[in-house]
J.: 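Just passing along the structure, written as structure tokens.
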Amino acid sequence: MPHELPKAYDPSAIEARWAEYWVREKLFAAPTPSPGSPESQQPVFTLLLPPPNVTGRLHMGHMLNQTQMDIIVRWHRMRGFLTLWLPGTDHAGIATQMMVERQLAKEGKNRRGLGREAFVERVWEWRREYGGAILGQMKRLGASVDWSREYFTMDENLSRAVREVFVRLYEEGLIYRGKYIVNWCPRCGTAISDLEVKHQETPGKLYEIRYPVSGSKKEFITVATTRPETMLGDTAVAVNGADQRYQHLHGKKLLLPLMDREIPIILDELANPEFGTGAVKVTPAHDANDFQAGLRHNLPQIVVMDERGFMNENAGAYAGLERFEAREAVLQDLRSQGLLAGEKDYVVPIGKCDRCRTIVEPRLSTQWFMAMTKPGRDGSPSLAQRAGDAVKSGEIRFTPENNTRIFLQWMENIYDWCISRQLWWGHRIPAWYCGNAKCGEIVVARETPAKCPQCGGRLEQDTDVLDTWFSSGLLPFTTLGWPENTRDLDVFYPNWLMITGGDILFFWVARMIMFGCHFMHGHEQDRGIKQASGFAARKDDSVPFREVYIHALVRDAERQKMSKTKGNVLDPIEVIEQYGTDATRFTLAAMASPGTDIAFNPKRTEGYRAFANKIWNAARFIFMNVDRAQQAGVWSLKDFQNSAGERARGVSGFQPSNLEDRWILSRFNAVAAEVHSALETYRFDEAANRVYDFFWGEFCDWYVELMKPRLAGESGDNAATRVAFGNIVRVFEGALRLLHPFMPFITEEIWQAIYDGKPPAKSIALVEYPAADPGQRDLDAETEMAILQDLIVSVRNLRAELEVETRQRVPIQIHAVDGVRQMIEHNRGAVERLATVEGLEFVETSLAKAGGVRTTSRFEVRVVFEKKIDIGAERARLQKELEGLEREMENKRRQLGNESFLQKAPPHVVEGLRKRLAELEVLREKASTALHALG
RNA sequence: GGGCGCUUAGCUCAGUUGGUUAGAGCGCGUGCUUCACACGCACGAGGUCGCAGGUUCGAGUCCUGCAGUGCCCACCA
């Protein structure tokens, strides 16, 4: 291949091509292995993509989420796991219905006019046309999912599974239908779950209203309320039996103002004597607490509002008013009748609809619920119990860990889940009602029943659909073929990991755990299949996944939440187009430290684009040299290609023949180990930074620089040159593999180029990830190299201080102990070249008295240069150094003089301190000598 | 009302169980068309780790209080 790459890396020139290649070649498909096949011997890693809404457009949160998943997934795949990453989309009930309704509105139509069937067909059309947009964007990100298994939550097989679950839970008595107070959104016209209500503390008023005692002209009870319009539906006033103030009124009745209805005074703990007047109005049809009190006292339930939030015929004169207009009208009338006793400023926690911000109305209606805390008929644990146990026992582990507590706290305070929605788009509830009024039979069935089994009457299906989260909560097993296909479940269930945002911890994660633990109870993973590490410690295979990683929120550079109204939303596709997918992914990975949100600053991405460019140019450099060597007949890439094994764990065939070779190999292994342990604990930031530092700070800055003369064949020894080429290409190739999960595109491009059309696999994504091999550390090489680097930097530093012209070569003198001296002697060429030195001389006596000297504990080095040094500046520098040294010595001496320190501190700390003190003595002596020498 | 975080260099953030000299990127300063890279190279400046106490031989790290800041949960009017 031509190795004439453009000088600057242009991601747009290659990324789309590879993204398309990965999909076209189906590289990431994970077919289910048949029992006993070689594939079935692989350890398994399963991950479910949190399905984006069909209505969705990719945002930074998705990109963060997908980047993290892709890193983990590619890492496992490269390590030889049978890796399944399963993609799909969610039908997103309310969101999608709203979207299509809005579209209809533009055409001057509405869904009621269209009718249910036509409307649903319309949504399907919409979905066929636009529903794939977000998955298309995912492909552009390089997400290595198995596209052959793509699903949609309303697919026939998944819908069948939803009905199966519903029917089973109904039969187990864990799904029930009933008339209760639910959260109702008047705008969406549907019930919503507790979780879909967002509470917001809002300044409001607490109104005190006088309810006259029936038959008395003067006596009344004052009640307090924040929602005066609900008084129209009051059916009692409660006082606490122990409350002295109201003893004399027990058993009496009140006259409900505005409605002129007699209502009883009841004794109930609902009334808290400490609060307000101690008397509370009771509205069983419009408040959850009042509802319960109503049941206790057999009170009538008067609904005074319709499903749109308008007062109904039960609201007397206020019928037809919108609820807040009614509030004003009620207040005005109370005022004019002298019954409004007070208005106090009061902070009210107002519940708003998560979807549309409309204020939620507690409303009495008939809905379907799922029992969260009710044990099974056979005494088996409740859904919440099983889920809580799975987390408490460690069968499911959260990262960051504090989510465990958040999860458990929620689980312990859970209420039954309202699962029916008054919508048209979604899984229709599989319940049918007999049209025969006398019969009233309810049939819950997997398939549409023909007629009422009781009376043979006509059946009508329930018009409601299920909460979207009902079906998505089942995905960990339904996407694997439950209930029919058990082979996929045997192999891939449980999922290993779930990576998602904290915002859907309860909505989704909690429900998956409940459903999984319930329906997969007793499931055993095929024992012929091995799962990832930790398998042995955790044996409960009913859990939907073993690990949950909760990722942070992506904010803008100013730490503001991204929102459309603020106009600070960063479109990942735009960022990608500007900096490249690799750089954007790397930014997200490098900034993903646990527990803190990510302030996404494009400046940072710019830096990682530079990193990609750096790698690009390292490749250009290597290819340039390779081409030259090939022309000279010294070395060819084929020499490497022929020896490269497909599943080389480290950098096989590397021949350390030099300090820098030994050093880079040792560093490579150290970094591979660090990356491994970072990824194992989901420290994406650490992993990314380690690779970055290695690639740029060690490979490019030092190894490549040190290799230049060797690659140029300056030794004249062709065999040595060949070793040099073999080594640099091997380390480079290994480093590309190390980097691949983070920057899949550039690494693929260069890796393919190295193999020049004859790669050992179809993609770098399918070869072995560099293994952590602690045995390959060469600590001597690392120490020696550190001294060498220190020496070179010291000389450069001195040159800058002495204002030596950049390219002027200068003589240096070095004073060092024998071993160090020999090491430097061996690497004399490197020092001369990298520090621009000519004439390296070793001296026997200390250089401390001379000018232009740097001193470390290992060596003294002097740049011999005529230019007169600035004595004042040098004295100041030395003075500062001396002060620093003395301060530190003072500290160390004090500690070492402390008896209890010597007794209690671990020996290695004490020893380290002694050594350091000895070093300091020497350094101080030298600095002081130098200072005196200045005169 | 309950719970959980965060405060370290000008900015954005690392800093694992308390242990020898607190780090990175960006930004800043100086010098470089060094035959891979100016999306670069080299060198450098910059921090009493929010405040006040405490525990400890030893605290950025543990405890208490205070201040600032962010988030989640919540059917008491």
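Naming: A, B, ... by sequence-line order, numbering from 1 per chain.
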J.: Using the salt bridge (Lys or Arg N to Asp or Glu O under 4.0 Å) rule, collect all pairs that involve residues 906-915 of chain A, keeping only residues at least two apart or in two chains.
T.: none

J.: Are any of A:Y346's side-chain N or O atoms less than 4.0 Å away from OP1 or OP2 of B:A77?
T.: yes

J.: Using atom C1' in both nucleotides, what's the gap between B:C43 and B:A59 to the nearest angstrom?
T.: 34 Å

J.: Take the angle between the ring planes of A:Y692 and A:W696 and call it parallel below 30°, perpendicular above 60°, tilted in between.
T.: tilted

J.: If you look at every strand shown and take non-hydrogen atoms under 4.0 Å, does A:N289 touch a base, only sugar-phosphate, or nothing?
T.: base

J.: Give me the distance, rounded to whole Å, that separates B:G47 from B:U7 when you measure between the C1' atoms they each carry.
T.: 14 Å

J.: Could you state the CG-C1' distance from A:N183 to B:A74, rounded to the nearest angstrom?
T.: 12 Å

J.: Any heavy-atom pair between the side chains of A:P400 and A:I550 that's under 4.5 Å?
T.: yes

J.: Could you measure between the two C1' atoms, the one in B:A45 and the one in B:C6, and give it in whole Å?
T.: 29 Å

J.: Compare side-chain N and O positions of A:R914 against OP1 and OP2 of B:U20 and report whether any pair is under 4.0 Å apart.
T.: no

J.: For A:A271, which contact category applies under a 4.0 Å heavy-atom criterion: base, sugar-phosphate, or nothing?
T.: base

J.: Out of B:A36, B:A77, B:U33, which has the shortest distance to the side chain of A:T225?
T.: B:A77

J.: Identify whether any heavy atom of A:A599 sits under 4.0 Å from a base atom; if not, whether one sits that close to sugar-phosphate; answer base, sugar-phosphate or nothing.
T.: sugar-phosphate

J.: What's the gap between B:A38 and B:G19 when it is taken at their C1' atoms, as a whole Å value?
T.: 43 Å

J.: Picking from B:A36, B:A77, B:C43, which would you name as closest to the side chain of A:A224?
T.: B:A77

J.: Can you name the residues that form a side-chain hydrogen bond (donor to acceptor under 3.5 Å, both in side chains) with A:R405, not counting sequence neighbours?
T.: none

J.: Check whether more than 12 heavy atoms from other residues, nucleotides or ligands sit under 6.0 Å from atom CD of A:E805, and answer yes or no.
T.: no

J.: To the nearest angstrom, how far is A:F901 atom CZ from B:U20 atom C1'?
T.: 8 Å

J.: Are OP1 or OP2 of B:C37 and a side-chain N or O of A:K7 less than 4.0 angstrom apart?
T.: yes

J.: In whole angstrom, what separates A:N689's CG from B:U12's P?
T.: 18 Å

J.: Looking at every strand, decide which applies to A:F291 at a 4.0 Å heavy-atom threshold: base, sugar-phosphate, or nothing.
T.: nothing

J.: I want to verify a distance call: between B:C37, B:C39, B:C32, whose nearest atom is closest to the A:T806 side chain?
T.: B:C32

J.: So do the side chains of A:F600 and A:T584 get within less than 4.5 Å of each other, counting heavy atoms only?
T.: yes

J.: With a 4.5 Å heavy-atom cut-off, do A:L896 and A:L902 have their side chains touching?
T.: yes

J.: Distance between the P atoms of B:C28 and B:G23, in whole angstroms?
T.: 23 Å

J.: Where the side chain of A:D685 is defined as all heavy atoms beyond and including C-beta, which of B:A77, B:A14, B:U20 is the nearest nucleotide?
T.: B:A14

J.: Kindly give the atom pairs (protein nitrogen or oxygen, nucleotide nitrogen or oxygen) under 3.5 Å for nucleotides 40-42 of chain B.
T.:
{"residue": "B:G40", "atom": "O3'", "partner": "A:K614", "partner atom": "NZ", "Å": "3.1"}
{"residue": "B:C41", "atom": "OP1", "partner": "A:K614", "partner atom": "NZ", "Å": "2.8"}
{"residue": "B:C41", "atom": "OP1", "partner": "A:W696", "partner atom": "NE1", "Å": "2.6"}
{"residue": "B:A42", "atom": "O3'", "partner": "A:R796", "partner atom": "NH1", "Å": "3.3"}

J.: When you get a sec, tell me which of B:U33, B:A77, B:A36 is the closest nucleotide to the side chain of A:R807?
T.: B:U33

J.: Just call it for A:P906: base, sugar-phosphate, or nothing, with non-hydrogen atoms closer than 4.0 Å on any strand.
T.: base

J.: Can you check whether A:F586 and A:F611 have ring centres sitting under 6.0 Å from each other?
T.: yes

J.: Please report the distance separating the C1' of B:G68 from the corresponding atom of B:U8, rounded so that it comes out in whole Å.
T.: 16 Å

J.: Which part of the nucleic acid, if any, lies within contact of A:R227, taking any heavy atom under 4.0 Å across all strands shown: a base, the sugar-phosphate backbone alone, or nothing?
T.: nothing

J.: Check the distance between B:C26's C1' and A:R604's CZ and give it to me in whole angstrom.
T.: 8 Å

J.: Which pairs would a plain distance check flag for residues 344-352 of chain A, meaning a side-chain donor or acceptor within less than 3.5 Å of a matching protein atom at least two apart in sequence or in another chain?
T.:
{"residue": "A:K344", "atom": "NZ", "partner": "A:E208", "partner atom": "OE2", "Å": "2.9"}
{"residue": "A:D345", "atom": "OD1", "partner": "A:K205", "partner atom": "NZ", "Å": "2.7"}
{"residue": "A:K352", "atom": "NZ", "partner": "A:Q200", "partner atom": "OE1", "Å": "3.1"}

J.: In whole Å, measure the gap between the P atoms of B:C66 and B:U48 for me.
T.: 27 Å

J.: Kindly write out the residues that satisfy side-chain hydrogen bond (donor to acceptor under 3.5 Å, both in side chains) with A:Y682, not counting sequence neighbours, or none if the list is empty.
T.: A:E547

J.: In whole angstroms, how far is the P atom of B:G15 from the CE atom of A:M591?
T.: 13 Å

J.: Which part of the nucleic acid does A:L270 contact within heavy-atom distance under 4.0 Å: base, sugar-phosphate only, or nothing?
T.: base

J.: Between A:K708 and B:C35, does any side-chain N or O lie under 4.0 Å from OP1 or OP2?
T.: no

J.: Taking atom C1' of B:C71 as reference, at what distance in whole Å does atom CD of A:Q200 sit?
T.: 14 Å

J.: On RNA chain B, nearest-nucleotide positions of A:C700 versus A:K603: which is more 5'?
T.: A:K603

J.: Could you go through the side chain to side chain donor-acceptor pair (under 3.5 Å) check for A:N617 and A:R620 one step at a time?
T.: CA-CA 5 Å; A:N617 277 288; A:R620 282 182 63 220; 2.7 Å; yes

J.: What about A:E686, does its side chain sit under 3.5 Å from the base of B:A24 through a donor-acceptor pair?
T.: no

J.: Sort by first number and list every stem of RNA chain B: at least 3 consecutive Watson-Crick or G-U wobble pairs, both distances under 3.5 Å.
T.: B:1-7 with B:67-73, B:10-13 with B:23-26, B:28-32 with B:40-44, B:50-54 with B:62-66

J.: Mind checking the P distance from B:U56 to B:C71? Whole angstroms is fine.
T.: 39 Å

J.: Where the side chain of A:N402 is concerned, which of B:C39, B:A77, B:G5 is the nearest nucleotide?
T.: B:G5

J.: Between A:W616 and A:Y9, how do the two ring planes meet: parallel, tilted or perpendicular, split at 30° and 60°?
T.: tilted

J.: What is the nucleic acid contact for A:E412, judged by heavy atoms within less than 4.0 Å: base, sugar-phosphate only, or nothing?
T.: nothing

J.: I want to verify a distance call: between B:C39, B:A74, B:C37, whose nearest atom is closest to the A:R609 side chain?
T.: B:C39

J.: Send over the distance from A:M624 CE to B:C37 P, rounded to a whole Å.
T.: 8 Å

J.: Looking at B:A74, B:A77, B:G3, which one has an atom nearest to any side-chain atom of A:E201?
T.: B:A74

J.: For A:R799 and B:C43, give me the distance from atom CZ to atom P, rounded to whole Å.
T.: 11 Å

J.: Have a look at A:R683 and say if it touches a base, only the backbone sugar-phosphate, or nothing, with a 4.0 Å heavy-atom cut-off.
T.: sugar-phosphate

J.: Between A:R916 and A:E921, does any NZ, NE, NH1 or NH2 come within less than 4.0 Å of an OD or OE carboxylate oxygen?
T.: no

J.: Which is more 5' along RNA chain B, the nucleotide nearest A:Y9 or the one nearest A:L913? Just name the residue.
T.: A:L913

J.: Counting only side-chain heavy atoms from C-beta out, which of B:A74, B:C4, B:A77 sits nearest to A:W410?
T.: B:A74

